[in-house]
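Report on the following structure.
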Amino acid sequence: MARLFSSPRRHLRILDAGAGIGILSAAICDRVLTLPVPRSLHLVLFETDARVLPLLDENLRRCRDALRQAGHELSYSIEQTDFVLANRPACGQETLFEDPREHVEFDAAIMNPPYFKLNKQSAHARAFECIIRGQPNIYALFMATAAAMLRPGGELVAITPRSFCSGLYFRGFRRWFLQRMALRYIHLFDSRTDAFRGADVLQESLVTRFDKASPDGKTIRFSTSHGADLQGAHDVVEYRSSWIIDDTGGDLVIRIPAARIDARIMKVVDSWPARFAEHGLQISTGPVVTFRATRYLLSTADHPDGVPLIFPHNVHPFDTRWPVRKNGKPLALRSCPDSEKFLLPTRNYVLLRRFSARKHVVCEIARLSALGIVVTQHDKLPDIVLHWSDRNWLFLIEAVTTHGPVSPERHREIETMLRSCPAERIYVTAFLNMGAFRRYAGDIACETEEWIADNPDQMVHLNEPKFLGPYKRH
Ligand SMILES: C[S@@+](CC[C@H](N)C(=O)[O-])C[C@H]1O[C@@H](n2cnc3c(N)ncnc32)[C@H](O)[C@@H]1O
């Protein structure tokens with residue numbers, strides 16, 4: 001993160017908001033240590049947790065000593081106050097952040113702010129109610145406060161959830177923030193489990209760099225890394241900021257093409273001549289929230305006043321199946337005048353089921369057992385299992401973003417699961433792009449195929465004479 005700042009000036013005032021034990025400030029010091037020309041830094045660190053303050057102070061003293069030895073200077077002050085509320089004087093209610101009163105200006109701000117939803121009545125939420133709707137998350141208030149404290153041209157590097165990039169709750173925040181801060185860089189993590197192992201991170205995170213400047217139509221750089229180490233970043237691409245920051249729907253969304261294939265999909269969607277609304281199509285989530293409709297829920301499908309209740313598990317590609325019994329979920333809704341608000345008029349609907357980026361398993365247990373595959377709760381099936389019945393070939397496809405590639409170990413694991421299955425197998429690992437393929441190249445089992453989404457018409461085959469046909473088991 002410290003490397004994302006542009007080349008540091010001779011004298012720098014740096015803000016570390018929610019400093020913890022000071023690891024981000026230490027990273028900046030580490031970067032300064034590599035510079036041949038002496039720098040003078042002043043760090044201001046905000047931290048409310050008294051338990052970490054001694055360690056924070058100790059770490060900064062060490063940083064100061066190390067910098068001094070290398071000919072640089074460091075001074076610092078630790079503020080044991082609430083960063084957002086303490087800096088609120090700079091945030092007048094009417095003209096938020098336009099308060100003419102003097103406040104300290106920083107050249108750079110770095111942060112890994114706390115993430116939690118705020119009660120609407122909390123002092124934090126009330127201070128920001130003119131830009132944030134619904135249930136604000138404290139991290140956005142940290143970003144906004146830091147933005148207000150930067151000098152023109154100052155830089156903010158933050159690791160935050162990505163929820164601020166879209167959605168209604170953050171719309172006002174985006175509009176306010178992006179008028180003042182130009183987005184320059186987004187770093188994404190391929191696998192959040194690897195990036196934040198053991199850290200109980202629930203939301204998808206990203207690292208961003210914003211410069212305090214009006215929107216200027218420059219480019220935004222994107223990179224991705226598999227784990228937490230940004231040094232291993234791959235897939236560095238740049239897109240025009242006017243293409244990434246999209247206000248055509250009035251929501252000022254920050255669009256995130258996580259891989260080149262996403263960018264291609266975005267281009268295709270952009271090329272459509274009209275929006276859904278122009279075709280008379282509206283998109284909405286269904287009207288039923290089950291816990292609000294408990295009085296009308298039915299557990300049988302044949303009640304005389306019952307109407308079908310459609311859940312995601314009823315929706316299959318080009319097919320809606322009803323009734324389907326699943327985990328005791330209700331099957332129908334009792335139609336009566338009081339439940340009318342939960343019902344949709346009889347018309348034509350297209351049902352969409354949202355697929356999470358994470359593993360989605362459509363487990364056709366009956367079909368698998370007919371093939372001799374017995375799946376226990378602990379078995380990990382590949383992401384996709386296809387059976388070509390004419391040839392009795394089984395395609396076992398792993399998307400590298402979930403478990404990794406079909407490695408020798410994974411190959412053995414799947415073979416054990418398939419020990420009673422007579423079908424011939426073809427193992428395929430699917431990669432998002434060439435960079436991901438290169439990274440895993442040393443870990444791929446022989447006698448497997450590789451497919452790369454960026455180049456979908458080609459396949460790669462690692463050694464052995466055969467291509468896309470089964471191997472006899474030894
Ligand atoms: C996610 S941790 C990040 C710590 C450190 N910067 C790091 O990256 O390891 C957020 C820190 O913000 C502190 N914090 C939470 N609310 C705060 C507030 N309102 N003002 C200042 N610090 C706060 C927490 O005590 C915690 O140490």
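Read the numbers this way: they start at 1 and go in the same order the structure lists the ligands and their atoms. For reference, positions follow the sequence shown, starting with 1.
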Review point. Donor-acceptor pair, Lys212 side chain versus Glu155 backbone, under 3.5 Å?
Key: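 Such a contact is absent between Lys212 side chain and Glu155 backbone.
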Review point. Does Arg62 CZ have over 12 foreign heavy atoms under 6.0 Å away?
Key: no
Point to revise | With Asn455 via side chain to side chain contact (heavy atoms under 4.5 Å, CB included) - residues at least two apart | key: Gln458
Point to revise | Partner set under ring pair (Phe, Tyr, Trp, His ring centres under 6.0 Å) for Phe164, not counting sequence neighbours | key: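 Checked Phe164 against ring pair (Phe, Tyr, Trp, His ring centres under 6.0 Å); zero matches.
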Quick check on ligand 1: any N or O pairs to the protein under 3.5 Å? One line per pair.
from, atom 1, to, atom 2, distance (Å)
ligand 1, 6 (N), Gly18, O, 2.9
ligand 1, 6 (N), Ala19, O, 3.3
ligand 1, 8 (O), Asn112, ND2, 3.0
ligand 1, 19 (N), Asp82, OD1, 3.3
ligand 1, 19 (N), Asp82, OD2, 3.2
ligand 1, 20 (N), Phe83, N, 2.9
ligand 1, 25 (O), Glu47, OE2, 2.5
ligand 1, 27 (O), Glu47, OE1, 2.7
ligand 1, 27 (O), Glu47, OE2, 3.3

Exercise for review: Sorted by first residue and then second, give each ring-ring contact (aromatic ring centres under 6.0 Å, His included) pair with at least one member in residues 40-75; sequence neighbours left out.
Suggested key: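 Listed by first then second residue: Phe46-Phe83.
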Review point. Which residue, Glu450, Glu398, Glu415, forms the side-chain hydrogen bond (donor to acceptor under 3.5 Å, both in side chains) with Tyr427?
Key: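 That would be Glu415; it is the only one of Glu450, Glu398, Glu415 passing the side-chain hydrogen bond (donor to acceptor under 3.5 Å, both in side chains) with Tyr427.
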